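Here the structure is laid out as structure tokens; the discussion comes afterwards.
Ligands are counted one by one from 1 in listed order, and the atoms in each one are counted from 1 as well. All values derive from a computational prediction rather than experimental measurement.
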Amino acid sequence: MNSQPNLPRKVKIVEVGPRDGLQNEKENVPAPVKIELVDRLSRAGFANIEAASFVSPKWVPQMATSSEVMAGIARRPGTLYSALTPNMQGFEAALAAGAGEVVIFGAASEAFSQRNINCSIAESIARFEPVAKAAKANGLRLRASISTAFGCPYQGEVPLDAVADVVARMRDLGCDEIDIADTIGVSTPRKTQAVMLRAAQKFPLERLSGHFHDTYGQALANIYASMEVGVAIFHSSVAGLGGCPYAKGATGNVASEDVLYMMHGLGIETGVDLDQVVDAGQFISQHLGRKAVSRAGNAIAAKRAG
Ligand SMILES: CC(C)(COP(=O)([O-])OP(=O)([O-])OC[C@H]1O[C@@H](n2cnc3c(N)ncnc32)[C@H](O)[C@@H]1OP(=O)([O-])[O-])[C@@H](O)C(=O)NCCC(=O)NCCSC(=O)C[C@@](C)(O)CC(=O)[O-]
């Protein structure tokens, strides 16, 4: 039982490892390995897995197998499989692949928008408009991700008003959920609360999510701080995989194992089996030939090994 009145009783954890986690890997990860990873995460109980990204393969070669991955996974009833779609070309591919949710992704800083999707914020919103309409027309869930909401690798500080402005534009496109992303992991708890509360002036707090990279080791603290102000949806990546190809030096998302360990310790329901996520984390780390970047995951694996 969660006896802390200021924390949610239940949270949704969106597993982004197969997309955000793997997109930055230099060596090609074969589709069957990605499929096995998604299937393990499905069996662990995640209600939402970001499994694919229909972007230009010239920009992000690792995601070129997205159609194959979506065709090969064993879809678990109750799990929503999401895909990134920067434009209509991406949307058509996601629709054909059977994505249940499409993710349009913009930024709160102009500099990052240019580097990541090769257009201004205003141009990106114009590109997202037909995607949003098509998502609705086809009965797909629509999510938006807003990068650099807490700081930009090129521009530095990002004003709260800039975040609020993009949140409002994404809301006007009809988004069901909006991710507030700390692309380079620079935020700290009070700043996190300020950004979340400002975003919540434009979009319902219960449909905002926190997407924290752990570059400066602040991600768990930022998640806790977000929960204190009412956020109850968080993104994490198995084994702490990841980094953004257009944010130099950015490390992975906060590790799913660490988030689950904290949530369960707080008595907060996630619906996810931590042991199975640890297994999935060890599986993909072995494939990549390195140790998982998850303190809890590695501790649990070491304890099991005796
Ligand atoms: C947006 C574009 C496509 C614009 O790229 P562009 O070059 O401006 O686009 P274009 O429309 O001029 O097209 C150029 C070429 O790309 C192709 N193309 C065009 N669109 C697609 C598509 N959907 N799928 C496949 N191919 C596509 C198109 O067919 C054409 O091919 P060509 O004629 O030269 O052979 C490009 O900049 C791009 O793909 N960017 C993706 C960047 C990316 O994936 N970044 C990582 C994900 S975001 C992220 O990680 C942050 C997040 C979400 O996790 C939150 C956080 O932590 O901040």
Side-chain angles (χ1 to χ4, degrees), residues 14-25 48 50-67 70 82-97 99 101-109 111-121 123-128 130-131 134 143-155 158 163 166-167 170 175 177-187 195 208-216 219 222 233-237 240-254:
V14 181
E15 169 58 53
V16 298
R19 195 283 300 172
D20 204 353
L22 292 181
Q23 71 180 5
N24 209 31
E25 288 297 327
N48 194 171
E50 218 170 78
S53 180
F54 293 99
V55 298
S56 163
K58 287 182 193 145
W59 284 63
V60 186
Q62 187 62 255
M63 290 290 108
T65 52
S66 286
S67 295
M70 290 295 281
S82 313
L84 262 58
T85 53
N87 52 22
M88 278 308 288
Q89 195 174 335
F91 177 81
E92 296 298 348
L95 183 66
E101 178 181 69
V102 292
V103 184
I104 50 181
F105 54 102
S109 84
F112 190 81
S113 181
Q114 288 291 352
R115 295 286 220 295
N116 195 38
I117 50 174
N118 206 23
C119 62
S120 69
I121 294 172
E123 286 164 342
S124 76
I125 299 295
R127 258 186 212 173
F128 299 149
V131 177
R143 172 151 64 84
S145 182
I146 302 178
S147 289
T148 62
F150 302 87
C152 171
Y154 309 109
Q155 176 185 312
V158 174
V163 179
V166 184
V167 170
M170 294 297 198
C175 288
E177 200 167 300
I178 298 182
D179 314 329
I180 309 298
D182 189 5
T183 312
I184 50 171
V186 287
S187 192
V195 174
L208 282 178
S209 74
H211 175 109
F212 295 104
H213 285 258
D214 203 25
T215 317
Y216 287 81
N222 288 326
I233 308 171
F234 298 100
H235 293 193
S236 63
S237 179
L241 295 172
C244 177
Y246 301 100
K248 288 237 170 309
T251 64
N253 292 92
V254 62

With no hydrogens and no angle check, do the side chains of His211 and Asp20 hold a donor and an acceptor under 3.5 Å apart?
yes
Check step by step if side-chain contact (heavy atoms from CB on, under 4.5 Å) holds for Asp214 and Asn253.
CA-CA 6 Å; Asp214 203 25; Asn253 292 92; over 6 Å; no
Which ligand 1 atoms does [X] reach within 4.0 Å, using its non-hydrogen atoms?
X      : result
Ile117 : 1 (C), 4 (C), 37 (O)
Thr183 : 56 (C), 57 (O), 58 (O)
Pro57  : 25 (C), 26 (N)
Gln23  : 46 (C), 47 (C), 49 (C), 50 (O)
Arg19  : 47 (C), 49 (C), 50 (O), 52 (C), 53 (C), 54 (O)

Which label fits Phe212 and Phe150: parallel for a plane angle under 30°, tilted from 30 to 60°, or perpendicular past 60°?
tilted
Using side-chain heavy atoms (C-beta onward) and a distance below 4.5 Å, is Cys175 in contact with Arg143?
no
Sub-4.5 Å side-chain heavy-atom contact between Ser82 and Asn48
yes
For [X], which part has a heavy atom under 4.0 Å from ligand 1: side chain, backbone, both, or neither?
X      : value
Asp20  : side chain
His213 : side chain
Glu92  : neither
Val55  : both
Leu84  : side chain
Val16  : neither
Ala181 : side chain
Arg127 : side chain
Ser145 : side chain

Geometry only, no angles: is Phe112 polar-contacting ligand 1 at N/O separations under 3.5 Å?
no
Purely on distance, is any nitrogen or oxygen of Lys58 under 3.5 Å from one on ligand 1?
yes
Between [X] and [Y] (side chain of the first, backbone of the second, donor and acceptor by atom type, cut-off under 3.5 Å), is there such a pair?
X      : Y      : value
Thr85  : Phe91  : no
Glu25  : Leu22  : no
His213 : Thr251 : yes
Ser113 : Ala107 : no
Thr215 : Ile184 : yes

Distance in Å, Arg115 CZ paired with Trp59 CH2, rounded so as to fall on 0.5 Å steps:
10.0 Å
State if Ala93 counts as touching ligand 1 under the rule of any non-hydrogen atom under 4.0 Å.
no
Could you tell me if any non-hydrogen atom of Met63 lies under 4.0 Å from any atom of ligand 1?
no
Quick one, Val158 with Phe112, criterion side-chain contact (heavy atoms from CB on, under 4.5 Å). Give me CA distance, side-chain angles, the key distance, then yes/no.
CA-CA 11 Å; Val158 174; Phe112 190 81; over 6 Å; no
Could you go step by step and tell me if Ser209 and Asp179 meet the side chain to side chain donor-acceptor pair (under 3.5 Å) rule?
CA-CA 5 Å; Ser209 74; Asp179 314 329; 2.7 Å; yes
Measuring from [atom], which candidate in [options] has the nearest non-hydrogen atom?
atom                    : options                      : answer
atom 8 (O) of ligand 1  : Val103, Asn118, Asn253       : Asn118
atom 38 (C) of ligand 1 : Phe150, Trp59, Phe91, Phe105 : Trp59
atom 48 (S) of ligand 1 : Ile180, Val60, Asn87, Asn116 : Asn116

